[in-house]
There are 2 protein chains.
Amino acid sequence: MTTKSYNSFFMNFANPTKFSILMALTEGPLNVTRITKKINEEQSKVSHNLKKLEQCHILNVKQRGKQRIYSLNSQTVIPMIRLIKKHVKNHCKECDKREI
Amino acid sequence: MTTKSYNSFFMNFANPTKFSILMALTEGPLNVTRITKKINEEQSKVSHNLKKLEQCHILNVKQRGKQRIYSLNSQTVIPMIRLIKKHVKNHCKECDKREI
DNA sequence: ATTTTATATGAAATCTTTTTCATATGACAA
DNA sequence: TTGTCATATGAAAAAGATTTCATATAAAAT
């Protein structure tokens, strides 16, 4: 069944580190060091998270010399972000003020 | 910020119990007992999970006598399911065969 | 009033994911 | 062929989420 793939897929959006990596990449592909700087996190933390994002095909990688350039699977990620933003806008006027 | 709302939102899709509740409700609204039977889980487990789904406005509730009838926020949930299915179909031909 | 049915809730226990830290690998340059 | 830069990885520790179990609440029926 696909339930497990679904779960791991959504996990990648349900974590602050992974989500901020996605956000960082909306402006274009970046290598690991750049991502690390942009979101201000540890390199190994970023790498572990990138791995999962890649495994679920949410990100693509290509090698350039000793660098690895990560880019969004924008076909999936952009509509997803659009969807959640719309949801929050329409249904969560005061979600942030509450503890969830 | 909205990062926390985003996280909790996606959490609701990234868990087998919650996801199967959502699936159970795609065919129409149900009360707790019916959901419990349909997905074959403990009542309190179901209630705990329903609570989070409701808090994020992924589900709506209405009271009918002593029953509580839960229904999908289909405006959000249906497109979300469509999106993930498309993603898996297009990008995860062999995701299930691998450990993620 | 008491019982029954439907559902919710709190807290501890369990399970899963994420982070951290130390180290490995791999490409390129000197 | 050694050093350095970029990134990955394994395993233990920490953090977080989920489940469980016992119990509470609340509406309706008796």
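Chain A is the first sequence line, chain B the second, and so forth, proteins listed ahead of strands; every chain is numbered from 1.
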Asks: Examine dT19(C): is either OP1 or OP2 under 4.0 Å from a nitrogen or oxygen in the side chain of N49(A)? Give yes or no.
Replies: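 Checking N49(A) against dT19(C): at least one side-chain N or O falls below 4.0 Å of OP1 or OP2.
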Asks: Closest to the K45(A) side chain: dA8(D), dT18(D), dT20(C)?
Replies: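 Among the listed nucleotides, the one closest to the side chain of K45(A) is dT20(C).
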Asks: Between K18(A) and N49(A), do the side chains contain a donor N or O and an acceptor N or O under 3.5 Å apart?
Replies: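 Present: a donor and an acceptor within the cut-off.
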Asks: How long is the line joining CG of N40(A) and C1' of dT19(C), in whole Å?
Replies: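 My rounded result for the distance is 15 Å.
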Asks: From CZ of F13(B) over to P of dA17(D), roughly how many Å is that when rounded to an integer?
Replies: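 Rounded to the whole Å, the gap is 17 Å.
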Asks: Given the rule that I, L, V, M, F, W and Y join up when any side-chain heavy atoms are under 4.5 Å apart, are I81(A) and Y70(A) in one cluster?
Replies: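 Yes, I81(A) and Y70(A) fall within the same hydrophobic cluster.
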Asks: Could you state the atom-to-atom distance from NZ of K52(A) to P of dT19(C) in whole Å?
Replies: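 Taking atom P of dT19(C) as the reference, NZ of K52(A) is at 9 Å.
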Asks: How many whole angstroms separate atom NZ of K51(A) from atom C1' of dT7(D)?
Replies: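 Interatomic distance, NZ of K51(A) to C1' of dT7(D): 12 Å.
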Asks: Counting just side-chain N and O atoms, does Y70(A) come under 4.0 Å of either OP1 or OP2 of dA8(D)?
Replies: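 So the side-chain polar atoms of Y70(A) do come within 4.0 Å of the phosphate oxygens OP1 or OP2 of dA8(D), strictly under.
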Asks: For the side chain of V32(A), starting at C-beta, report the closest nucleotide among dA8(D), dA6(C), dC5(D).
Replies: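 Of the candidates, dA8(D) comes closest.
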Asks: Of the nucleotides dT19(C), dA6(D), dT19(D), which one has an atom closest to the side chain of T33(A)?
Replies: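 The closest nucleotide is dA6(D).
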Asks: Tell me whether V61(B) shares a hydrophobic cluster with F9(B), the cluster being built from Ile, Leu, Val, Met, Phe, Trp, Tyr side chains joined at under 4.5 Å.
Replies: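 Yes; tracing contacts between hydrophobic side chains, which count when under 4.5 Å, links both residues.
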Asks: Both V46(B) and R64(A) contact DNA chain C. Taking the nearest nucleotide for each, which residue is further toward the 5' end?
Replies: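 The answer here is V46(B).
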Asks: Over how many whole Å does the gap from L50(A) atom CG to dT9(D) atom P extend?
Replies: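 Taking atom P of dT9(D) as the reference, CG of L50(A) is at 11 Å.
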Asks: Expressed as a whole number of angstroms, how long is the span from L59(B):CG to dT7(C):C1'?
Replies: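 Going from CG in L59(B) over to C1' in dT7(C) covers 15 Å.
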Asks: Please report the distance, rounded to the nearest Å, between CE in M11(B) and P in dA15(D).
Replies: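 Those two atoms, CE and P, are 16 Å apart.
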Asks: With respect to the side chain of N15(B), which nucleotide from dA11(C), dA6(C), dT18(D) is positioned closest?
Replies: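 The nucleotide sitting nearest to the side chain is dT18(D).
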Asks: When you get a sec, tell me which of dT18(C), dA22(C), dT19(D) is the closest nucleotide to the side chain of S44(A)?
Replies: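 Within the option list, the nearest is dA22(C).
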Asks: For the atom pair OG (S47(A)) and CD (E54(A)), what is the distance rounded to the nearest 0.5 Å?
Replies: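 It comes to 11.0 Å.
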Asks: To the nearest angstrom, how far is H48(B) atom NE2 from dA13(C) atom C1'?
Replies: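 To the nearest whole Å, that distance equals 13 Å.
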Asks: Confirm from the modelled atom types if Q43(A) and dA8(D) form a donor-acceptor pair under 3.5 Å, side chain to base only.
Replies: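 Answer yes: a donor N or O sits under 3.5 Å from an acceptor.
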Asks: Working to the nearest 0.5 Å, report the span between CD1 of I39(A) and CZ of F19(A).
Replies: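 That separation rounds to 12.5 Å.
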Asks: Does dA8(C) have OP1 or OP2 under 4.0 Å away from a side-chain N or O of R68(B)?
Replies: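 Yes, such a contact exists.
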